[in-house]
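For reference, the structure discussed in these notes is given below.
Residue numbers begin at 1 in each chain, while the letters A, B, ... track the order of the sequences. Being a predicted model, the structure only gives us computed values, none of them experimental.
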There are 2 protein chains.
Amino acid sequence: MTSVLVVDDEPQIVRALRINLSARGYEVMTAYDGRSALGVAVEGKPDVVVLDLGLPDIDGVDVIAGLRGWSTIPIIVLSARTDSSAKVEALDAGADDYVTKPFGMDELLARLRAAVRRTVAREAGDPVVETASFVVDLAVKKVQRGGREVHLTPTEWGLVEILARNPGRLVSQKQLLQEVWGPMHVNESQYLRVYFAQLRRKLEDDPARPKHLITEPGMGYRFEL
Amino acid sequence: MTSVLVVDDEPQIVRALRINLSARGYEVMTAYDGRSALGVAVEGKPDVVVLDLGLPDIDGVDVIAGLRGWSTIPIIVLSARTDSSAKVEALDAGADDYVTKPFGMDELLARLRAAVRRTVAREAGDPVVETASFVVDLAVKKVQRGGREVHLTPTEWGLVEILARNPGRLVSQKQLLQEVWGPMHVNESQYLRVYFAQLRRKLEDDPARPKHLITEPGMGYRFEL
DNA sequence: CCCCGGCCTCAAGAACGCGTAAAAGCCGGA
DNA sequence: TCCGGCTTTTACGCGTTCTTGAGGCCGGGG
C-alpha cells in the first residue's frame, strides 16, 4: 500500500486529505508541525509527502532540506503563497511539485499519482538481485540459496535490502545503522558485525571468506554480485 | 549538457523559451506539432519535454501517450486550460507536471530543474575519474589499477576522494588535513607526506616520479589526470 | 661552501576495528 | 507461565591501520 505523510497545521485540511486519501486506498500519516513531520518521516518511511509551507515551528524550506538530507521521497508542497519566488525557492530546495491553496482535490490527487508513479517506475527495474550463491527478491522480500528459501529476521532483511538496492556500491556504516536501527543508533557499529556474521553464515558459501557481503574496514559494507 | 524539447504551435512562446533556456545552458530542440514532436523526441532523446497541449494535429494527451509508450522522459505540460479535469487527464496520461498559461518563466524553469534533478538522481551514472595509470570511481568508492582493484584504507580514500573531485586543481595542505583529520590537525603536514608516499606506492607506475599525485612544495597537492 | 626548510622513506609501537562466540534481555504465542 | 525466536550486550584474540620519530635527500639563500 502506498503511504502518504500529510503535514499541515490546519486540522480541517489534514482531515479533508485524510478522508480523501484513505478512501482511495492510501495509508495516511499526519503531522502538524515541522519537527514532528521530520520524526514521522524517519519512522514511517512514507512513499510521498504532502507538505504545507506555513508551519508554526520550522520554515518550510528547512523542512524540505531536512528531508532531502537523507531521502529522495517525493515532496508535494502546499502553500497559500502564489508568487513565483516562493515556488522557485521551494522547488529548488528539493520539492517535486508546488500546489497553491485553495487547491482542487482532484488535481492534488492527480499530482500525487504522478509523483508516486515516477518513483515506482524508478524502482520497478527487475526487483531481483542475483549472485553466484544466492538470490534476493526485493519485491516479495525473500532470499533463496540453492533453490531453498532462507529465512531472514526483520533486521537481517533490512540490511540485505539496503545493500541489494545498491549493488557494488559502498554503503557506510552510518547509513546502514540509520536506516535499520534509526538515527539514535548510528554509532552501534557492533550491531553490524554481529548481523553481518549472521548473514554470512546464512548466505555465503564460505562464511569466513565472504565473496558478496564485503567489509570495507573503517568505511562500511559492500554487496558484490 | 541537458537537452530540452519544446513543443508548441505558437512561435513566440517557442522563441521565448529557446532564448531563456539557451541562456541558461540548455540545449534546445523544437517542434510545432505533435507528429514532429514525437519524431524529434525519438531522434534527439531529450532529457525533458515541455509540451503545449493545444497542438494543431494530435490531441495533447495522445502525444503524452505516444512518448510514454517507449520512454520515461519527464514531460512538463503547458496549457491554457485551467480546469482541474484537464490537469487530471494530462497527469494521469503520464505527464510529470502541469503549468497553466500564462506562466512565469521563473516558475517554469524551477519546475524544469526539479524534473531534471529527479532523473539525474535516478540515473547518476558513476562519476569516474580516470588517469593513464588508474581509475577512481567516486560512486562505489573503488580504485582500479591495471584492471585489478587496489585496496585503500579510509584515510587513503579520504585523500584520493578530495583530490579526484578537484582534478587539476591545487588543494592546500590545510584543506586536506582539515577534511580528512579534522580541524585539530591542520598542522600535521607530516601525515600528508606519509600518506602520499603510500598512495604513490599503490597507484603510480613509478612512485619516485609521480605523474598524477603531484606535490606543490609549500602549498599543497594536485591531482593530474 | 654550509645551513635550513621542506620533502621523502622507513620502521615500530599504539590504537583501532573486525570477527566470533556466547550470554543476557526482550518479546509474543502456546 | 514457559518457551522459542530475535535482538542487544559483553568479552577477547587478531590483523590492520594510524601515529610518531629518526634519518636522508634536495634546492635555495646566506
So P46(A) and I73(A), do their side chains get closer than 4.5 Å, heavy atoms only?
yes
Given atom CD of E156(B) and atom P of dT17(D), what is their separation to the nearest angstrom?
8 Å
Close approaches to DNA chain C from residues 204-225 of chain B, in residue order (heavy atom, under 4.0 Å)
T215(B), P217(B), G218(B), Y221(B)
With sequence neighbours excluded, tell me which residues meet side-chain contact (heavy atoms from CB on, under 4.5 Å) with Q198(B).
E156(B), V194(B), Y195(B), R201(B)
Student check: side-chain heavy atoms of V88(A) and R113(B) closer than 4.5 Å:
yes
Using the side-chain contact (heavy atoms from CB on, under 4.5 Å) criterion, which residues pair with P183(A)? Sequence neighbours excluded.
V42(A), Q178(A)
Atom pair CG (L51(A)) and CG (L5(A)), whose distance is rounded to the nearest 0.5 Å:
8.0 Å
Atom-to-atom span, CZ of R201(A) to C1' of dC6(D) - whole angstrom
14 Å
Pair up each side-chain donor or acceptor in residues 214-225 of chain B with any protein partner under 3.5 Å, not counting sequence neighbours, and list the distances.
from, atom 1, to, atom 2, distance (Å)
T215(B), OG1, R200(B), NH2, 2.6
E216(B), OE2, R222(B), NE, 3.0
E216(B), OE2, R222(B), NH2, 2.0
R222(B), NH1, E224(B), OE2, 2.4

Using whole Å, what does the distance between atom P of nucleotide dT17(D) and atom CG of L199(B) come to?
13 Å
Would you please name every residue forming a side-chain contact (heavy atoms from CB on, under 4.5 Å) with P56(A), sequence neighbours left out?
D9(A), D33(A)
Sequence neighbours excluded, which residues qualify as salt bridge (Lys or Arg N to Asp or Glu O under 4.0 Å) partners of R193(B)?
none
Taking atom NZ of K211(B) as the centre, report whether more than 12 heavy atoms of other residues, nucleotides or ligands fall under 6.0 Å from it.
no
List the atom pairs, with distances to 0.1 Å, where a side-chain N or O of residues 139-149 of chain A and a protein N or O form a donor-acceptor pair under 3.5 Å, not counting sequence neighbours.
from, atom 1, to, atom 2, distance (Å)
R145(A), NE, L203(A), O, 3.1
R145(A), NH2, E204(A), O, 3.4
R145(A), NH2, D205(A), OD1, 3.1

Nucleotide N/O of nucleotides 8-15 of chain D paired with protein N/O under 3.5 Å:
from, atom 1, to, atom 2, distance (Å)
dT8(D), OP2, W181(A), NE1, 2.6
dT9(D), OP2, Y191(A), OH, 2.3
dT10(D), O4, Q190(A), NE2, 2.9
dA11(D), N6, Q190(A), NE2, 3.2

The correct set of residues in residues 164-174 of chain B placing a heavy atom under 4.0 Å from DNA chain D is none
Any side-chain heavy-atom pair from R111(A) and D97(B) closer than 4.5 angstrom?
yes
Between dG6(C) (P) and N187(B) (CG): distance, integer Å:
12 Å
Counting only side-chain N and O atoms of H151(A), is one of them less than 4.0 Å from OP1 or OP2 of dC6(D)?
yes
Write down the distance between CG (L192(B)) and P (dC7(C)), rounded to a whole number of angstrom.
9 Å
Report all side-chain donor-acceptor pairs from residues 22-32 of chain A shorter than 3.5 Å, counting only partners two or more places apart or in another chain.
from, atom 1, to, atom 2, distance (Å)
S22(A), OG, R18(A), O, 2.5
R24(A), NH1, N20(A), O, 3.1
R24(A), NH1, N20(A), OD1, 3.3

With respect to the phosphate group of dC7(C), does any side-chain polar atom (N or O) of R193(B) fall under 4.0 Å of OP1 or OP2?
yes
Side-chain N or O of T153(A) versus OP1/OP2 of dT7(D): is the shortest distance under 4.0 Å?
yes
Using five pairs at either end of the helix from dC1(C)-dG30(D) to dA30(C)-dT1(D), determine the angle between the two local helix axes and round it to 10 degrees.
30°
Apply side-chain contact (heavy atoms from CB on, under 4.5 Å) to N187(A) and list each qualifying residue two or more places apart in sequence or on a separate chain.
none
